[in-house]
Amino acid sequence: MTDDAAAAEAYFESLADPTRIRILAVLARADAAGETPLPYSDLQPRVGVRDNGRLNYHLSRLDGRFLARDDGEYALRPSGRFAHLVAVRCCRDADRSPVETDADCHACGGRLVARRDDGAFVVACSECERTAARAATPFVTPSEVGRAAFLDALDRTIRERAGFLSRGLCPWCRSPTALSADADGRFCHRCASCSGVHRTTPGELLVDHPEVVAFHRRHGVDVGERRVWTLPFVASEAASVRSRDPWRVAVAVSVDGSDLTCVLDGDGAVVSTSRRTSLRGI
């Protein structure tokens, strides 16, 4: 067994008991209420374990890795907070009903919906099933915060992912990624540290690019105020492969009849831009 595999086994074995998950949940709620560090005498009845020996055993399995203990008082370490999020958010049987967005598909005009797909959330067309955006599942649900707040959280999650990848960093572990271009013009970002594989359209890497932001601003559009899936240039259809050696892919960005074309190389960097302004855009 490799060192990484052994560490992962020890991590998950520490959490492999409902009592330990309950301890994390109790401390997370106490932390949110400003009650931590929590004394043992307060922790025990909240966890619901009367036997001191049994509770002490489970605390010992979490202590140091997930819990901080000082003079008989307990609080979550950052790793404990993350483990709690994974345990109660990502692993629960969440509602898989699609969430209707406020946008239409750029390809067919059908309504875009957000739905769960293999542990992630995708924004896709309800008619042609074309994917407009994809990201890890936010740690909130529509039933908890409402539809609008959930879509805002999903948008921020997508932007954060694209921001890390555009800087050559893995959004999961923040390690450098190796970039390659697919035949259809999409980019594949691979992380050697965590084995993460992330795919983006060329347009996703341009969401925060200064020239794209400035181009929209000149036309009275704040890209930061628009949800990512409403931006046409993010769609795969906005990109076209110009050459394969050297690799060049062009992304068409259009606002009010004016066009900005960004050409990216095989490293995802913008190597040239050109503009065409309509009479309406003058």
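Computed from a predicted model, the values in this text were never measured in an experiment.
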Enclosure of Arg242 CZ (heavy-atom neighbours >12, cutoff 6.0 Å): no
Pairwise distance SG(Cys125) to NE2(His106) - rounded to 0.5 angstrom: 10.5 Å
Ignoring hydrogens and angles, state whether a donor on the side chain of Ser236 or Arg130 is under 3.5 Å from an acceptor on the partner side chain. no
What's the separation between atom CZ in Arg227 and atom CZ in Arg156, rounded to the nearest 0.5 Å? 9.5 Å
Apart from Val263 itself, its cluster of hydrophobic side chains linked below 4.5 Å comprises Val271
Sequence-distant partners of Thr230, side-chain hydrogen bond (donor to acceptor under 3.5 Å, both in side chains), two or more places apart: Arg226
Start with the C-alpha gap between Cys194 and Ser175, add the side-chain angles, then the distance that decides, and say whether side-chain contact (heavy atoms from CB on, under 4.5 Å) holds. CA-CA 8 Å; Cys194 71; Ser175 298; over 6 Å; no
Scan for ring-ring contact (aromatic ring centres under 6.0 Å, His included) pairs involving residues 172-208, sequence neighbours excluded, and state none if there are none. Trp172-His198
Results of ring-ring contact (aromatic ring centres under 6.0 Å, His included) for His209 - residues two or more places apart only: none
N/O donor-acceptor pair under 3.5 Å between Arg22 side chain and Val47 backbone: yes
When rounded to the nearest 0.5 Å, the distance separating CD of Glu204 from CZ of Arg134 is 11.0 Å
Please identify each residue that fulfils ring-ring contact (aromatic ring centres under 6.0 Å, His included) with Trp247, with sequence neighbours left out. none
Would a single hydrophobic cluster contain both Val213 and Ile158, if residues Ile, Leu, Val, Met, Phe, Trp and Tyr are joined by side-chain heavy-atom contacts under 4.5 Å? no
Minimum side-chain heavy-atom gap Cys128-Cys105 below 4.5 Å: yes
Using the rule that two of Ile, Leu, Val, Met, Phe, Trp, Tyr join whenever any of their side-chain heavy atoms come within less than 4.5 Å, decide whether Phe150 and Trp229 are in one cluster. yes
Compare all side-chain heavy atoms of Val223 with those of Asp208 and state whether any distance is below 4.5 angstrom. no
Between Leu206 and Val221, is there shared hydrophobic-cluster membership here, with clusters defined by ILVMFWY side-chain heavy atoms closer than 4.5 Å? yes
Sort and list the pairs that fulfil salt bridge (charged side-chain N to carboxylate O under 4.0 Å, His left out) and have at least one residue in residues 192-203, not counting sequence neighbours. Asp182-Arg199
Residue pairs meeting side-chain hydrogen bond (donor to acceptor under 3.5 Å, both in side chains), one or both in residues 25-50, sequence neighbours left out, come to Asp31-Thr36, Asp31-Arg81, Glu35-Arg46, Tyr40-Asn56, Gln44-Asn52
Under 3.5 Å, is there a donor-acceptor pair between the side chain of Arg20 and the main chain of Ser14? yes
Once you round to the nearest 0.5 Å, how far does CG of Leu15 lie from CD1 of Ile21? 5.0 Å
Arg111 atom CZ, neighbour heavy-atom count above 12 within 6.0 Å: yes
Tell me whether Asp265 contacts the main-chain N or O of Asp267 through its side chain, where contact means a donor paired with an acceptor under 3.5 Å. yes
Pair Ser258, Asp256: side-chain N/O donor-acceptor within cut-off below 3.5 Å: no
I'd like to check the ring-ring contact (aromatic ring centres under 6.0 Å, His included) partners of Phe215; sequence neighbours left out, ordered by chain and number. His219
Is a donor on one side and an acceptor on the other found under 3.5 Å between the side chain of Asp155 and the backbone of Val228? yes
Kindly write out the residues that satisfy side-chain hydrogen bond (donor to acceptor under 3.5 Å, both in side chains) with Ser240, not counting sequence neighbours, or none if the list is empty. none
Euclidean distance, Arg161 CZ relative to Cys170 SG, rounded to 0.5 Å: 10.0 Å
State, yes or no, whether a side-chain contact exists between Thr261 and Val253 at a heavy-atom distance under 4.5 Å. no
With a cut-off of 6.0 Å (strictly less than), are more than 12 heavy atoms of other residues, nucleotides or ligands near CD of Glu237? yes
CD1 of Ile23 to CG of Leu59, rounded to nearest 0.5 Å, is 4.5 Å
Can you find a pair of side-chain heavy atoms, one from Arg77 and one from Arg65, that are under 4.5 Å apart? no
Can you tell if the side chain of Val212 reaches within under 4.5 Å of the side chain of Cys262, non-hydrogen atoms only? yes
Would you say Leu112 and Ser126 make side-chain contact, with heavy atoms under 4.5 Å? no
Verify, without hydrogens or angle tests, whether Arg248 (side chain) and Arg244 (backbone) share a donor-acceptor contact under 3.5 angstrom. no
Residues clustering with Leu169 (ILVMFWY side chains joined when closer than 4.5 Å, directly or via others): Phe164
Short question: side chain of Ser243, backbone of Pro246 - any donor-acceptor pair under 3.5 Å? yes
Just list the side-chain donor-acceptor pairs under 3.5 Å for residues 67-74, sequence neighbours left out, or say none.
{"residue": "Arg69", "atom": "NE", "partner": "Asp63", "partner atom": "OD2", "Å": "3.3"}
{"residue": "Arg69", "atom": "NH2", "partner": "Asp63", "partner atom": "OD2", "Å": "3.1"}

His58 meets the ring-ring contact (aromatic ring centres under 6.0 Å, His included) criterion, sequence neighbours left out, with none
